[in-house]
Amino acid sequence: EAGVTQFPSHSVIEKGQTVTLRCDPISGHDNLYWYRRVMGKEIKFLLHFVKESKQDESGMPNNRFLAERTGGTYSTLKVQPAELEDSGVYFCASSQSSIYNEQFFGPGTRLTVL
Amino acid sequence: AQTVTQSQPEMSVQEAETVTLSCTYDTSESDYYLFWYKQPPSRQMILVIRQEAYKQQNATENRFSVNFQKAAKSFSLKISDSQLGDAAMYFCGRTSYGKLTFGQGTILTVHP
C-alpha cells in the first residue's frame, strides 16, 4: 500500500510568488493534516481536514495560506504571496477515521523563499 | 498554550546500550494520547510508540518502552539494546482532538 506522498519535494521561489504544495494521503484515510517546521523550531499544526471539510484551521498563520481538499482525496496548500518567513518544511499526515489513530506522515516539502 | 517540551536537544549512546529521551507536556484534558515519532535522516517520520493517557500500564514495542507519569505529565522513551538504525531525530507528541503538538525534537546519535 502506498504511503502519504507529497509534491514537490523541494521548492525554491522568490518572495511575492505563489507556490502550491500537494499531498496525497493513504487511500481511505478520512483525516488529513498539514504541519510545518520552520528552521530550528518545533513542528507546528496548520490544519485538519475530515474528508473534504476543514475541521480545525486554528494553526493557519494568516490569509496568505489557503488549503483545499478536493472530494476528500488529495489536498493542496497554496501560499500566495510567499514571504521569507514561510520557508520551512511542510508535512502532510493522514489517519483513519478515529482522530486518535496513528498519523502517517509524508516525506515533507522543503520550501525556500528567497 | 498547551506545550510539549523535550529538554535534550542531542543525546548519544553506544551501540547495544540503553538511552532514555525525556519529554514533558502540559494539558488540561483528561483523555489524550501521547506519541513518540522518529525521523531518520532524509526519511519520513514514523511512529515509534503510542500511549493512551487513561492506561496506567506503560506501552512497550520491542526494544522501545515508555515511562508514563501522568501526574507529573512526563513521558520518557527508553531505547534498549540501541542499534545503528536507531539514529534519528525523535519527536514527542500529544494529541488534542486529532492535531498533534510536538516537542522540539532530540537528535540521537548511536556510536558503534
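Hydrogens, waters and symmetry mates play no part in the numbers below; they use all other heavy atoms, side chains included. The structure presented is a predicted model; accordingly, all values stated were derived computationally and were not measured.
- Without hydrogens or angle criteria, Ser82(B) side chain to Val13(B) main chain gives no donor-acceptor distance under 3.5 Å.
- Note: Met45(B) leads Gln6(B), Gln104(B), Met45(B) in heavy-atom pairs under 4.5 Å with chain A.
- Between Asp86(B) and Arg63(B), at least one side-chain nitrogen of the basic residue sits less than 4.0 Å from a carboxylate oxygen of the acidic one, meeting the salt-bridge criterion.
- Asp86(A) and Arg64(A) are joined by a salt bridge, as a carboxylate oxygen and a charged side-chain nitrogen come within less than 4.0 angstrom of each other.
- Few gaps surround CG on Asn62(A); more than 12 heavy atoms of other groups in view lie less than 6.0 Å from it.
- Using a 4.5 Å cut-off between heavy atoms, Gln39(B) contacts chain A through its side chain alone, with no backbone atom that close.
- Counting heavy-atom pairs under 4.5 Å between each of Thr101(B), Leu47(B), Leu100(B) and chain A puts Leu100(B) at the top.
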